[in-house]
Amino acid sequence: MIPRKFIFATIFSLICLGLIALFCLITGYSDISWRDVLDIVSRRLKGEELSQSLQREQSILLELRVPRIWLGTLVGGSLSISGSVFQGLLRNPLADPYILGVSSGAILCMSIVILLKLPSTFLPIFALIGAISSLFLVYSLAVENKRLSSNTLLLAGVISNFFFSALLMFFMTKAGSQLVEIINLLMGSLAFIHTMPIQGFLPIISFIIILLSGGLWLFSRDLNALAFGDEIARSMGVDVVKTKKLLFILTSSLVGLSVSLSGAIGFVGLIIPHLVRMIIGPDHRGLMPISFIAGGGFLILCDTAARSLSAVEIPVGVITSFFGAPFFAALLKIKKSSWQSI
Amino acid sequence: MRIPNRFLMVLSLAMIFLFFSSCQKQKPKEKTTSQSIKVKDFLGREVVLSKKPLRIVSLAPNVTELIYALGAEENLIGVSRFCNYPPQAKEKPQLAGFSDSEVNLEAIVSVQPDLVIATPTRITPLVGKFENLDIPFYAFSPENILDLLGGIKQLGVLLRHESQADSLINRLKREISEMQQARSHFSARSVFLEISATPLTTATNLSFVGQILMIAGGLNISGDLKGEYPQVNPEFILENDPETIIIAHPETTIEEIKARPGWSQLQAVKNGRICVDLNQDVIFRAGPRLSQGITEFYRCLYPNFYTPSDSTQ
């Protein structure tokens, strides 16, 4: 069924992700050493009281870093897997998770919350509303005679993207002192989890993200067929219309969810699928799960730099592009031939 | 961490007192001829006015407040849409918004002002436009309290309301030293000042609001960070464990702050020392309501000692 090399590659990348996550856990603004972590664990196991400083370190670890790393894995993963799906579905190497306007719709609605000075509780809710409504808008624009062609979808997405961006920019001129908050949404950051009341929903959000990603992976064979074009895919027994619709809706929901959690973090969803494709090839059965894991690992590494370099946070989107682009360029030079194959 | 902070505070207080004592002896630098007036604005530009300005446009709320405080309001013919104090200012024609792009140049030209005052911190294309249109433009962008007092002096010269300016300066100085005396009995309190929740932003000692906080007796845990309004990581707050948390924005409630992950560890949260509902206009504006801004912070830092009669004006 699934080639053995994909299973091994997935397990290997999961182990790497675990190691990266552990590294990210003990790296941060506060100096927390391995010894402290072990001390906390052993005292907790023995049921001993923690000293004041250990208690503080424990809450830094468990309440600040662990949720943020977990969120980073989920967001990076969903962006990368969405990128890989869109690149395959639209047969366009420049496709990224935001190309179909879902993120601009979400951010537009979030900026309304900011402009009206509503409590930040509304931010994720409005983001989801924005993402879902822009999803339906793009869909209704793109569908013709109950068919969904890749190019029309792409164009409809780009058009709505422009339209939402225009509205957003209009809002930005009216924003005044709240401008920074809107810009921050556009750059994306995992720090929102510290101040937006989303931490309590993290289990349910994780469940949905994993469910959606797993759902997407079930279509990996169909995506492989679609890479040859609609006609060939149809001859291989793929229900092209239904598959495209489902892929579009699943992916857009995933993107909308991740934007509502962390704004529009750039670069991850565009580059990680390409990177993984260069390494293990264009077969979606392996590409999709490994993209998810690699995207998660890449984002939490970048985010660790964003939150650890000083007390002042750097937007993670800046770091993903700053370190990701040269790395990708180098890889492009080395493995030029793999670039073409989507 | 704390030593440079305290040092800065002492230094700034010393500077303020130095200014107070030297102010009387200082001769105004501005050349005052019988008719024409020449002053340097905050961008180092020379602004020349041949006569007393009678048609003034203010593009910033703090400038509008100052014009009212100097008693020149009948010459004020246009404001920005953020000019909300004193309440009468809202009835003046609104010619601008927040940013340069929102300045309605045509509207401003059509009211034929003989002086435009705004708060740019660098020479923007807008400044050049006013120069090209031969409309005198004065940049009023004080970065600290000393600048503000000096700026009021200049504004007085410019508007030919020198005596009002002097009495306003004296009033502000008196109020500041009264506030300082009032709180000199208490030790400074370490404090985290939150400017915005998402992103989590604070203010340093370089910002105007940070300096007001300092005078009120706050030992800002992020006072020495880079920039004026840096975004901080919550680990930094947990590490420094401030005595008081001041929320200077309306985005969050006390319950939400208590529920933030990790914040229950903070002594300020445990002791219920979280301050919300500040009057944002008085703490952020470099204007005549300076002492009210200090009082807002004073109320947060020393709630047990605060009595409403302390607030001046």
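Chain letters run A, B, ... following the sequence lines, proteins first, then strands; residues in each count from 1.
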Problem - Verdict with reasoning, A:Val180 to B:Thr201, per side chain to side chain contact (heavy atoms under 4.5 Å, CB included) - result: CA-CA 10 Å; A:Val180 185; B:Thr201 310; 5.6 Å; no

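The environment of B:Lys270 atom NZ is dense: over 12 non-hydrogen atoms of other residues, nucleotides or ligands sit within 6.0 angstrom. Annotation: A:Phe171, atom CZ; neighbour count of heavy atoms from other residues, nucleotides and ligands within 6.0 Å is above 12. Atom CG of B:Asn84 has more than 12 heavy atoms from other residues, nucleotides or ligands within 6.0 Å. Shown here is A:Leu116, whose CG atom has more than 12 heavy atoms of other residues, nucleotides or ligands within 6.0 Å. More than 12 non-hydrogen atoms from other residues, nucleotides or ligands lie less than 6.0 angstrom from NZ of B:Lys92. For B:Asn271, the CG atom sits in a packed shell: over 12 heavy atoms of surrounding residues, nucleotides or ligands are nearer than 6.0 Å. Counting non-hydrogen atoms of other residues, nucleotides and ligands closer than 6.0 Å to CD of B:Gln88 gives a total above 12.
Between A:Lys117 and B:His249, every side-chain heavy-atom pair lies at or beyond the 4.5 Å cut-off. Residues A:Glu63 and B:Leu238 are not in side-chain contact: their nearest non-hydrogen atoms beyond the backbone lie 4.5 Å or more apart.
Between B:Asn233 and A:Glu313, the closest heavy-atom pair is ND2-OE2, 3.1 Å. Taking every heavy atom of both residues into account, B:Leu225 and A:Ala311 meet most closely at CD2-CB, 3.9 Å.
Heavy-atom distances place both the backbone and the side chain of A:Ile60 under 4.5 Å from chain B. The parts of B:Glu239 that come within reach of chain A are both its backbone and its side chain, each placing non-hydrogen atoms under 4.5 angstrom from that chain. Of the two parts of B:Glu256, only the side chain, counted from C-beta on, holds a non-hydrogen atom closer than 4.5 Å to a non-hydrogen atom of chain A. A:Gln58 does not touch chain B: none of its heavy atoms, backbone or side chain, sits under 4.5 Å away. At a 4.5 Å heavy-atom cutoff, the contact between A:Ile193 and chain B is made by backbone atoms alone. Residue contact with chain B, scored on non-hydrogen atoms closer than 4.5 Å, is absent for A:Ala191.
Looking at A:Thr195, its side chain never comes within 3.5 Å of a backbone N or O of B:Leu200 through a donor-acceptor pair. Checked by atom type and distance alone, the side chain of B:Glu235 pairs as donor or acceptor with a backbone atom of A:Ser30 at under 3.5 Å.
Top candidate by heavy-atom pairs under 4.5 Å with chain B, chosen from A:Glu181, A:Arg307, A:Gln52, is A:Glu181.
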